[in-house]
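To start, the structure under review is shown below, and the notes come after it.
Chain A is the first sequence line, chain B the second, and so forth, proteins listed ahead of strands; every chain is numbered from 1.
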Amino acid sequence: MAPFELRDLAGRLHRMPAGCPAVLAFFKEDCPTCDFSFPFLQRLNDGLAGKAEVLGISQSDAAATRAFVARHGLKLPVVLDRELEVSLAVDLESVPTLLLIDERGTVHESSAGFVRQEWERIARRAADSVGAVMPPLFRDDEAVPEWRAGCASRTTDAVFQEELRVRRGRGRLQSRRVEIGDLEDAVEFFFERGLSDGLPVVPPTEGRVLRMLEGTRRSPDEVVALVPPNYAPATVEKVAINAVLAGCRPEYLPVVLAAVEAACTDAFNMHGVLATTYFAAPLIIVNGPIRQRLGINSGVNVFGQGTRANATIGRALNLVVRNVGGGRPGEVDRATLGQPGKYTYCIAENEEDNPWPPLHVERGFRPQDSTVTLFAAEAPRALVDQLSRSARGVVTTLGKCMETIAHHKWYQYAEAVLVICPEHVRTIARDGWGKADIRRCIQEVTAKPLAALLADADGSAEGVPRRVVGENPAAQVLETMVSKFASEDSIQIVVAGGGAGKFSAVVGGWVGGSMGSQMVTHKIEE
Amino acid sequence: MALTVLDPTDERQPVERQVAARPKRLTGTVALLDIVKPRGDVFLDRLAELLPQRRDVTVLRFRKPTFTKPAPEPLLRQIAERAGAVIEALAD
């Protein structure tokens, strides 16, 4: 083992190796097995008569160590492993642990907990190595058990692990440290400074942020994206801090990073999605094997509450936009009504009960890739058909319900996500229909003559302006059939939801195409 | 014990934008900027008609490519170079 030096209770420094063999005995004050066994170590120390050392190494603080020493009348030297550096260096798992080292520090024996035979062997070898003649460690009249379990080393405590993370991570984190005073409530602190979305956040301590960063191999100072509206650089560290605020587990971080990257592309146009008076919120759809690994819900209540991964991944993205990008409601976010998805809006696709290629495969990724797909989305809207028993029947319902997304005369619509529930999927697939059949059927059943879509066709002034067709259009022009969607590709199909219920949903978009926001899929780098 | 947390923001105050001084009266060249939201053109058409009648102004018309994104720099520069004031039809 590497040489070390620790101070005893009087502040004297003890160095190891000390030029002679030694038995190092790790303990903590509140360990019953240490209490039971340390008197035997004093006996060993006496027997070795100064030719070899027995060194007690305490994981407890000075006061507790002093009490332990007094309790057992220990004369052997006892040092404090205050920072647990020596315990860490020898990878200690439990106390008591004995290590027999030679004068150069090489470890020849080790014993964890109390194992009578091992202690006898260590005592014998220590004595033999220095030619000491000593009586047996355990007397015949003592009822010494063969074995007693030790206690966990303090290095394995969760609290210490957190401390250690901070100790080792020192210098890795660049963000400004903010101290919250004793009289201040940490959760209220974030509300008061406008750093929350309206729900309580988890205070991002160094330990928590460092633990979050263990979820990625990316360097904390790597810039992930420039986040609108201020186009501020979001580093991996800043995203991790906001993921802590949101309540994410470290393994979610790669999904959040991919979502931030995708949201901040020119194609997705997060600036517009945020600033619009419309309902748009970034909907995250997760595909690939990571869904199962992280437990991202694709089933019962998929758009609803109750699953940590869905709730916190979506929330983290919005907190990054708020805190790093500076996008706050009433400021750059001008939504008239907004929608609940602006807190969090994240689902996974149910690829297991899906007879068709999943969304990410349709969008050019491999089935084994994990991806996030971002969509500038309205709230999901109900599409009900409990009675149709054929593909055509169900899809006709879906299509006819989708006619009125945004407005009944807003046709050539750019993009919508159709979320089909498993019961509808089964009915549709039973008739041998694929996604292409669904899309074709929707375009068919939504088709209306241009005359019905004109701004003056009914009482509503929305619709195709009269100037588009001229004052006296030919009957042929007015009879031109127009479908709801700009093309079949405008209908994105995702399978999700609980096993029971014939309820699907459509999620309308916002301004589509390059002038607005386009669906963006990014691979999740793990 | 005081709790130390890490700052979740970008740690910079966004630049305070100084609002340009408002002209006391409209004269010279006035830019009319359409951000292409519905009916913005109706409003600006009317202004384009009325302003030259009632004030000593020439109007120039500009359009953003899309209302969903900030105006491109060249457009902003063009307006700044050619007009002394700008009227923007915001929102629907």
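Contacts between Tyr278(A) and chain B at a heavy-atom distance below 4.5 Å are absent for every atom of the residue. Both the backbone and the side chain of Val178(A) come within less than 4.5 Å of a heavy atom in chain B. Interface remark: Leu183(A) contributes no atoms to any contact with chain B (heavy atom separation under 4.5 Å). Using a 4.5 Å cut-off between heavy atoms, Val511(A) touches chain B through its side chain atoms alone.
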**Request:** Show your reasoning for whether side chain to side chain contact (heavy atoms under 4.5 Å, CB included) applies to Asn230(A) and Arg12(B).
**Result:** CA-CA 10 Å; Asn230(A) 293 343; Arg12(B) 57 178 190 186; 4.3 Å; yes

**Request:** Could you check Thr277(A) against Lys37(B) for side chain to side chain contact (heavy atoms under 4.5 Å, CB included), going step by step and ending with a plain yes or no?
**Result:** CA-CA 11 Å; Thr277(A) 43; Lys37(B) 283 217 121 187; 3.4 Å; yes

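Annotation for Glu11(B) and Arg176(A): closest pair OE2-N, 2.9 Å, computed over non-hydrogen atoms. Summarising the geometry of Ser514(A) relative to Lys69(B), their closest heavy-atom pair is O-NZ, 3.2 Å, with the distance given to 0.1 Å. Of all heavy-atom pairs between Asn242(A) and Pro8(B), the closest is ND2-O, 3.1 Å. Smallest separation of non-hydrogen atoms from Pro203(A) and Val5(B): CB-CG1, 4.0 Å. Shortest non-hydrogen contact noted between Asp7(B) and Ile241(A) is O-CD1, 3.6 Å.
For Arg63(B), the CZ atom is loosely surrounded, since the number of other residues' heavy atoms within 6.0 Å does not exceed 12. More than 12 heavy atoms of other residues, nucleotides or ligands shown are found within 6.0 angstrom of CZ on Arg466(A). The neighbour count for Asp266(A) CG, taken as heavy atoms of other residues, nucleotides or ligands under 6.0 Å away, does not exceed 12.
Your options are Lys238(A), Glu184(A), Arg334(A), and the one with the most heavy-atom pairs under 4.5 Å with chain B is Lys238(A). Interface check for chain B: of the options Asn269(A), Val239(A), Thr205(A), the most heavy-atom pairs under 4.5 Å are formed by Asn269(A).
You'll find the side chain of Leu6(B) reaches within 4.5 Å of the side chain of Arg177(A), heavy atoms only. Taking the side chain as every heavy atom from C-beta outward, Leu3(B) and Phe189(A) never approach each other to under 4.5 Å.
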